[in-house]
Amino acid sequence: DKVNITWETNELSYFNVVEYGRGRRYRYNASQQYNTNLTSNMISQPSILLTLKKPGIYHYRVQSCDLFGNCAYSGDYKLKRIRRFRRSFY
């Protein structure tokens, strides 16, 4: 399954990373390197699509960096991927 993570920053971001994993080890990451979806008040709204392979609770955090290399991390957040049941018809 896929989930879209979106957040806001108070200045334009140049490089964005979402670190995620089952538990707080953040074994995976997804990144982008450009400005996206600028609003009229000049707050950037990065968005990254994650692929979650197994059911369970995932932890994630985001990192945004400006053009000068100043970076900030979010806190730890959780999301839950539930198992999908397939129906069989006979």
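Nothing fancy with the numbering, it's 1 onward along the sequence.
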State, to 0.1 Å, how close [X] and [Y] come at their nearest heavy-atom pair, and which atoms those are.
X: E19; Y: Y73; answer: OE1-CE2, 3.7 Å
X: P55; Y: I82; answer: CB-C, 4.2 Å
X: G23; Y: H59; answer: O-CB, 3.3 Å

Exercise for the section: Among V17, V18, N16, find the one that has a side chain to side chain contact (heavy atoms under 4.5 Å, CB included) with S31. Expected result: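 The residue from V17, V18, N16 that satisfies side chain to side chain contact (heavy atoms under 4.5 Å, CB included) with S31 turns out to be V17.
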Handout entry: With Y20, the side chain to side chain contact (heavy atoms under 4.5 Å, CB included) member among L79, L52, V62
Key = L52
Practice task
Using only heavy-atom distances, determine whether the side chains of S47 and W7 contain a donor-acceptor pair under 3.5 Å.
Solution key: no
Practice task
Report the C-alpha separation of I5 and L50 in whole Å, then their side-chain angles, then the decisive distance to 0.1 Å, and conclude whether the side chain to side chain contact (heavy atoms under 4.5 Å, CB included) test is met.
Solution key: CA-CA 7 Å; I5 305 294; L50 306 179; 3.7 Å; yes
Exercise for the section: Please round to the nearest 0.5 Å and tell me the distance separating atom CD of Q63 and atom CZ of F15. Expected result: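 Between Q63 CD and F15 CZ, I get 7.0 Å after rounding to 0.5 Å.
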Handout entry: Point-to-point distance, once rounded to the nearest 0.5 Å, from NZ of K78 to CZ of R61
Key = 15.5 Å
Exercise for the section: Give a yes or no on whether Y28 and L49 share a hydrophobic cluster (residues Ile, Leu, Val, Met, Phe, Trp, Tyr; joining criterion: side-chain heavy atoms under 4.5 Å apart). Expected result: no
Practice task
Examine distances only and state if a side-chain atom of Y58 and a backbone atom of K54 form a donor-acceptor pair shorter than 3.5 Å.
Solution key: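 Yes; judged by distance alone, with no hydrogens or angles, the pair exists.
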Problem - Within 6.0 angstrom of Y26 OH, more than 12 heavy atoms from elsewhere - result: yes
